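First up is the structure itself, then whatever we jot down about it.
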Amino acid sequence: MDENIIEVQDFNFYYGEFHALKDLNLSIKRNKITALIGPSGCGKSTFLRSLNRMNDTIKGTRVEGKILLDGKNIYDEDVDVAVLRQRVGMVFQRPNPFPQSVYDNVAFGPRVLGMAKNGDLDAIVEESLRGAALWDEVKDRLDESALSLNPGQQQRLCIARTVAVKPEVILMDEPASALDPVATLSIEELMRQLAENYTIVIVTHNMQQAARVSDWTGFFWLGRLVEFGETDQVFRAPKEELTEAYITGRRG
Amino acid sequence: MRTHFDKQLSDMQDEILRMGSMVEESLRMALGALAQSDHETAQRVHDFDATINAQRFAIEDFCVQLIARQQPIARDLRSIVAVMNMIVDLERMGDQAKGIANIALGLGPHPEWEGLDELWQMGDIVIAMLDQCMKAYAAHDIKMAREAALRDNEVDELYLRLRRKVVQRCAETDNPALVQSYFDVMRATGYLERYGDQATNVAERVIYIFTGAVDEINPEPGETL
């Protein structure tokens, strides 16, 4: 398999007249954690949502260029967006479990996609909850409402729900910003474990989190990708003055 | 919880222990070469110094990466800062071993060193000091680190005793070759004395990791020189 799972080529994105993403070119490495950092409004979340076409639902948007997932442009007309979003899942900033049982939350996707035959669903639910490091905490509470879990558990439940449909890429939009430091660390540890099987792209305002958790870092500024490199390099010796100014807090 | 960072800290510890073994082995070989006038081993020690220096920079690089990426605080921060200081001393201890190897490289048979046992005793003690420092570091044992550092007093005493002997012998001979040879003894001893001082510094850093206080155990280690 190619080392790069996603190739972004001359990608531009517009909200109506507003040119939100400008001439992006980068490669997302398979089974690595890529962090996207930059100030509010720099385009990092727009870019994240472009990776599974979540922006399609916003009126008046348009794209130029390509985003190749395993060589296939996800913006081609013949792409089934539902299939794309199964392959490229997303975890949001605030835990958003459905007001259903823990079990049904995780089983939702596999049921819709008809993934489970007979008793397989139980196995998928267990495997997904284990994958999200939540199984031991909820195995006796599967029938309880997901809303009875604490926020850190709810976020891991959302990760389990994403993992349940066996995606290749998991997008995370500020997945820990609504959590306390302990729950944050547990999500970060979980990301490391998940990276063994999935490719992760995370948007974070928390630069320290990007430094701690990611393998690759991209710095966005005014819709451009100013710098993209291995996290070690970006946080130790950024190549661009602007990156240095931003990550050291001299400019934001 | 934070298993990744803990793994990195433990890797850092492994690397410093490895560097400690390298520096220890280097001096052991250098002293063997000095005793036997073994030029081949002396050359190996001389060349090995580059490996020790490379290890120092590899550890330093790793520490900088940890600081940049993990934003360490409290004991985590102290242990990284301590390691960044320890590697400087360890690298210089490697230089002392190389200095002794260089003396060995220029040395023929030297029966006139007979009876200068303090030289070899100093070598044994400073090697044991470093070994004990590394064990204290691995075991988080402040008491052991302090005991290691205090052995530097024995080294200083041996140094003074040896110097008196050598001065006496120099006074009793009119053979310039012998005086030159005794001069080499004193040079080697000087390297060992500094090796002991630097082992003391390493011990102080180990104590700092666990107490947070910089505690100078032998405040004036160079006083006797």
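Lettering follows sequence order; numbering is per chain, from 1. Computed from a predicted structure; not experimentally measured.
- Residue B/Phe183 places its CZ atom among 12 or fewer non-hydrogen atoms of other residues, nucleotides or ligands, all under 6.0 Å distant.
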Intermediate values then yes/no, side-chain contact (heavy atoms from CB on, under 4.5 Å), A/Arg236 and B/Asp61: CA-CA 10 Å; A/Arg236 265 200 291 188; B/Asp61 202 48; 2.9 Å; yes

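- Of the possible donor and acceptor atoms, one in the side chain of B/Arg69 sits under 3.5 Å from a partner among the backbone N and O of A/Ser214.
- Annotation for B/Gln65 and A/Asp232: closest pair CG-OD1, 3.2 Å, computed over non-hydrogen atoms.
- Taking CD from A/Glu188 and OG1 from B/Thr3, the interatomic distance works out to 11.0 Å, rounded to the nearest 0.5 Å.
- Of the two parts of A/Arg192, only the side chain, counted from C-beta on, holds a non-hydrogen atom closer than 4.5 Å to a non-hydrogen atom of chain B.
- In B/Phe210, the CZ atom is crowded: over 12 heavy atoms of neighbouring residues, nucleotides or ligands sit closer than 6.0 Å.
- Counting non-hydrogen atoms of other residues, nucleotides and ligands closer than 6.0 Å to NZ of A/Lys239 gives a total of 12 or fewer.
- Atom CD of A/Glu241 is surrounded by 12 or fewer heavy atoms from other residues, nucleotides or ligands within 6.0 Å.
- Nearest approach of B/Gln71 to A/Ala211, heavy atoms of both residues: NE2-CB, 3.7 Å.
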Just do the side-chain contact (heavy atoms from CB on, under 4.5 Å) check on A/Arg212 and B/Gln70 with the steps written out, would you? CA-CA 5 Å; A/Arg212 280 194 298 267; B/Gln70 300 289 352; 3.4 Å; yes

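- Other residues, nucleotides and ligands place no more than 12 heavy atoms under 6.0 Å from the CZ atom of B/Arg92.
- Atom CZ of B/Arg187 sits in a crowded spot, with more than 12 heavy atoms from other residues, nucleotides or ligands closer than 6.0 Å.
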